Trainee: 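Quick one: structure below, then a few questions.
What you are looking at is a predicted structure, and each value in this text was computed from that prediction instead of being measured. The residues of the chain are indexed from 1 along the displayed sequence.
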Amino acid sequence: MHSIEVSNISKFYGKQKVLDNVSLEVDKGQVIGLLGPNGAGKTTLMKILTSYLPPYEGTAFIHGLNVQTEALKIRKLVGYLPENNPLYPEMYVREYLGFVLKMYNTGFLLKKRVDEVIELIGLKPEQHKKIGALSKGYRQRVGLAQALIHDPPVLILDEPTTGLDPNQLTDIRAVISELAKEKAILLSTHIMQEVEAVCDRVVIIHKGKVVADDEVARISRQASSSDSYHLELKEKVSADSFREIAGIAFAEALSETEWILHADTEKDIREGIFKFAVANGLSILSLSKNKEKMEDVFHQLTRGITSVDDN
């Protein structure tokens, strides 16, 4: 039994389809990064998994419980940090965490559990302040603390490191990695370094569809095994023009004269690019070679990149 199991989930807002036949699984001990551009459907999927929204089609289960029919049980099993992190600014940090813990009726000793979570999340210096007086980074920590307070087996975190400074980022990433030893974690993020730092697998959603689902290490190897070339020309050209260059997989337009050419070979193809320019009477203003990164793979999957093999 998977900790999280999503099978063929679709969701509409009016006539707009925001999730299209999405399937994925998360097991205990895994951190899965959910990536996608704004509007891809990440937050909608998370709301379905926490029983805040019903799906239009498909099923989703948390520890074998259906999110549509077992909503109250689901909420005891899930720690949820929403994207907008709604808090009570007039409450003190300790007061708020105690208030949340009481709602779950867990049997934890209140003071002891609040102390444990405050220590874990690094809230000790600010624990006696009102939430409204905290910096954005510390408010984000409070949001993460409330998701953890009842010690759920599943964590669903929507942009958990928003607003954190570099030192705080390192601390929270370490916390998430430690928590993953005993929990299943699904988190959304726009930060590629975060995916590489804490995630075991990445699921990329674009226009409501899963366009990639693979281990982070494998995607990183895929990226680092090829090169990209930044090309700026004096003249305007079309993507079809690059069909003439052997070894080009995708031509990504930055403007009418500026391109990122993604190679499908480890062989240096700059000579071929120069020959292409000479043969077509084009003037090269600049040409540079770069190793592909995971970010480049993400762009290829979520931007309307033109393949030179497309008709």
Trainee: Evaluate side-chain contact (heavy atoms from CB on, under 4.5 Å) for I273 paired with F242, printing each intermediate quantity in order.
Mentor: CA-CA 9 Å; I273 295 172; F242 299 108; over 6 Å; no
Trainee: So, K234 side chain and L285 main chain: donor-acceptor pair closer than 3.5 Å or not?
Mentor: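 No: the side chain of K234 does not pair with the backbone of L285.
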Trainee: Within this structure, what is the CD1-OG distance for the pair I260 and S288, rounded to the nearest 0.5 Å?
Mentor: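 Separation between the atoms: 7.0 Å.
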Trainee: Can you tell me how far apart CD (E178) and NZ (K183) are? Round to the nearest 0.5 Å.
Mentor: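 Here the rounded value is 11.0 Å.
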Trainee: Under the rule for ring-ring contact (aromatic ring centres under 6.0 Å, His included), what residues qualify as partners of Y229, not counting sequence neighbours?
Mentor: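 For Y229, no residue satisfies ring-ring contact (aromatic ring centres under 6.0 Å, His included) once neighbours in sequence are set aside.
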Trainee: Is the shortest heavy-atom distance from the side chain of L35 to the side chain of T189 under 4.5 Å?
Mentor: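 Side chain of L35 against side chain of T189, heavy atoms only: contact under 4.5 Å found.
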Trainee: Search all heavy atoms of L134 against all heavy atoms of V93 and return the closest pair with its distance.
Mentor: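 In this case the closest contact between L134 and V93 is CD1-CG2, 3.8 Å.
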Trainee: So, for Q140 and T161, which heavy atoms are closest and what is the spacing to 0.1 Å?
Mentor: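 Looks like NE2-N, 4.3 Å.
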Trainee: Under a 3.5 Å distance rule, please check whether D200 uses its side chain to pair with a backbone N or O of V31 as donor and acceptor.
Mentor: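 Answer holds: yes.
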Trainee: Please say yes or no: joined through hydrophobic side-chain contacts below 4.5 Å, possibly via intermediate residues, are Y52 and L81 part of one cluster?
Mentor: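 Cluster IDs for Y52 and L81 differ.
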Trainee: Test: salt bridge (charged side-chain N to carboxylate O under 4.0 Å, His left out). Region: residues 49-73. Which pairs qualify, not counting sequence neighbours?
Mentor: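 Listed once each, the pairs are E70-K73.
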Trainee: Begin with the C-alpha distance, continue with both residues' side-chain angles, and end with the deciding distance and a verdict on side-chain contact (heavy atoms from CB on, under 4.5 Å) for T162 and K136.
Mentor: CA-CA 8 Å; T162 297; K136 184 177 180 181; 3.8 Å; yes
Trainee: Quick check: are there more than 12 heavy atoms from other residues, nucleotides or ligands sitting under 6.0 Å from OH of Y92?
Mentor: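 Atom OH in Y92 is not packed in, count stays at 12 or less.
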Trainee: Mark yes when over 12 heavy atoms from residues, nucleotides or ligands other than F12 sit less than 6.0 Å from its CZ; otherwise mark no.
Mentor: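 Yes, because the 6.0 Å sphere around CZ of F12 holds more than 12 heavy atoms from other groups.
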Trainee: Might you work through the side-chain contact (heavy atoms from CB on, under 4.5 Å) test for L287 and F274, ending with a clear yes or no?
Mentor: CA-CA 9 Å; L287 175 63; F274 276 110; 3.7 Å; yes
Trainee: Is the backbone N or O of D213 less than 3.5 Å from a side-chain atom of R201, with the two atoms forming a donor-acceptor pair by type?
Mentor: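 No, the answer is negative, given that no donor and acceptor are paired below the 3.5 Å cut-off.
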Trainee: Using 0.5 Å steps for rounding, measure from the CD1 atom of I4 to the CE atom of M46.
Mentor: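 If I round to the nearest 0.5 Å, the distance is 8.5 Å.
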Trainee: Starting from L187, can I reach V26 by hopping between I/L/V/M/F/W/Y residues whose side chains sit under 4.5 Å apart?
Mentor: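 Result: no, two separate clusters.
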Trainee: What closest approach, in Å, do T44 and Y13 show between heavy atoms, and which atom pair accounts for it?
Mentor: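 Shortest heavy-atom separation between T44 and Y13 comes out as OG1-OH, 3.0 Å.
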Trainee: Give the intermediate values and the outcome of side-chain contact (heavy atoms from CB on, under 4.5 Å) for residues L24 and L45.
Mentor: CA-CA 11 Å; L24 62 88; L45 178 59; 3.9 Å; yes
Trainee: Are V114 and V175 linked, directly or through intermediate hydrophobic residues, by side-chain heavy-atom contacts shorter than 4.5 Å (ILVMFWY only)?
Mentor: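 As far as the 4.5 Å side-chain criterion goes, V114 and V175 are connected within one cluster.
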Trainee: Do the side chain of S51 and the main chain of V67 share a donor and acceptor less than 3.5 angstrom apart?
Mentor: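 Yes.
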Trainee: Are more than 12 heavy atoms from other residues, nucleotides or ligands located less than 6.0 Å from atom CG of N84?
Mentor: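 Yes - once you tally the heavy atoms of other residues, nucleotides and ligands closer than 6.0 Å, there are more than 12.
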Trainee: Considering all heavy atoms of both residues, which atom of P86 and which atom of P82 are nearest to each other, and what is their separation?
Mentor: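 Answer, listing the atom of P86 first, then P82: CD-CG, 3.8 Å.
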Trainee: Taking atom NE2 of H150 and atom NZ of K76, what is their separation to the nearest 0.5 Å?
Mentor: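 These two atoms lie 10.0 Å from each other.
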Trainee: Using only heavy-atom distances, determine whether the side chains of N280 and E235 contain a donor-acceptor pair under 3.5 Å.
Mentor: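 Result is no, nothing qualifies.
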Trainee: Heavy-atom distance under 4.5 Å between the side chains of P152 and V78, does that happen here?
Mentor: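 Result no, sub-4.5 Å side-chain heavy-atom pair not found.
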Trainee: One thing to verify: whether K28 and E182 come together as a salt bridge, which I'm taking to mean a side-chain N less than 4.0 angstrom from a carboxylate O.
Mentor: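 So E182 pairs with K28 through a salt bridge.
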Trainee: Give a yes or no on whether a salt bridge exists between K112 and D115, defined as a side-chain N under 4.0 angstrom from a carboxylate O.
Mentor: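 Salt bridge flag = no for D115 with K112.
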Trainee: Look only at the side chain of Q146 and the backbone of G143, and say whether a donor-acceptor pair between them is shorter than 3.5 Å.
Mentor: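 Answer holds: yes.
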Trainee: Can you confirm whether P55 sits close enough to K11 that some side-chain heavy atom of one is under 4.5 Å from a side-chain heavy atom of the other?
Mentor: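 A side-chain contact is absent here, since even the closest heavy-atom pair is not under 4.5 Å.
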Trainee: Of all the heavy-atom pairs spanning K102 and L110, show the shortest one and how long it is.
Mentor: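 Looking at all heavy atoms of both residues, the shortest contact is CE-CD1, 3.4 Å.
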Trainee: When you compare the side chain of K275 with that of E244, does any pair of heavy atoms fall below 4.5 Å?
Mentor: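 A side-chain contact is absent here, since even the closest heavy-atom pair is not under 4.5 Å.
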Trainee: Would you check if the side chain of S23 reaches a backbone N or O of N8 as a donor-acceptor pair within less than 3.5 Å?
Mentor: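 The answer is yes, because a donor-acceptor pair under 3.5 Å joins these two groups.
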Trainee: Once you round to the nearest 0.5 Å, how far does CD1 of I48 lie from OG of S10?
Mentor: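 Between atom CD1 of I48 and atom OG of S10 there are 9.0 Å.
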Trainee: Does a side-chain N-to-carboxylate-O contact under 4.0 Å join D158 and K42?
Mentor: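 No.
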Trainee: How about L155 and L144: do any of their side-chain heavy atoms sit closer than 4.5 Å?
Mentor: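 L155 vs L144: side chains apart.
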Trainee: Looking only at non-hydrogen atoms, find the nearest pair between I74 and N66 and report the distance.
Mentor: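 The pair with the smallest heavy-atom distance is CG1-O, 4.1 Å.
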Trainee: I'd like to know whether CG of L109 has more than 12 heavy-atom contacts from other residues, nucleotides or ligands below 6.0 angstrom.
Mentor: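 No, the 6.0 Å shell around CG holds no more than 12 heavy atoms from other groups.
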Trainee: What distance do I205 atom CD1 and S188 atom OG have between them, rounded to the nearest 0.5 Å?
Mentor: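 Here the rounded value is 9.5 Å.
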Trainee: Is there side-chain contact between Y56 and L19, with heavy atoms separated by less than 4.5 Å?
Mentor: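 Of all side-chain heavy-atom pairs linking L19 with Y56, none is under 4.5 Å.
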Trainee: Quick check: is Y80 connected to L101 through a chain of hydrophobic side chains (ILVMFWY, heavy atoms under 4.5 Å apart)?
Mentor: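 No, L101 and Y80 fall in different hydrophobic clusters.
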Trainee: Checking side chain to side chain donor-acceptor pair (under 3.5 Å) between E126 and each of H128, K129, K130, which is the one that passes?
Mentor: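 With E126 as partner, side chain to side chain donor-acceptor pair (under 3.5 Å) holds for just one option, K129.
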Trainee: Is V100 reachable from V154 through a run of I, L, V, M, F, W or Y residues, each pair having side-chain heavy atoms under 4.5 Å apart?
Mentor: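 No: no chain of side-chain contacts under 4.5 Å links V154 to V100.
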Trainee: Can a donor-acceptor pair be found, under 3.5 Å and without considering hydrogens, that links the side chain of E258 to the backbone of S255?
Mentor: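 Side chain of E258 to backbone of S255: no pair is present.
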Trainee: D20 side chain to K207 main-chain N or O, any donor-acceptor pair under 3.5 Å?
Mentor: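 Pair absent, no side-chain N/O of D20 close to backbone of K207.
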Trainee: Sub-3.5 Å donor-acceptor pair from the side chain of R141 to the main-chain atoms of I121, do we have one?
Mentor: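 Such a contact is found between R141 side chain and I121 backbone.
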Trainee: Does the E232 side chain pair with the main chain of T257, one donor and one acceptor, at a distance under 3.5 Å?
Mentor: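 No, because the side chain of E232 does not come within donor-acceptor range (under 3.5 Å) of the backbone of T257.
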Trainee: Does a side-chain heavy-atom distance below 4.5 Å link T106 with D151?
Mentor: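 The answer is no; the side chains never approach within 4.5 Å.
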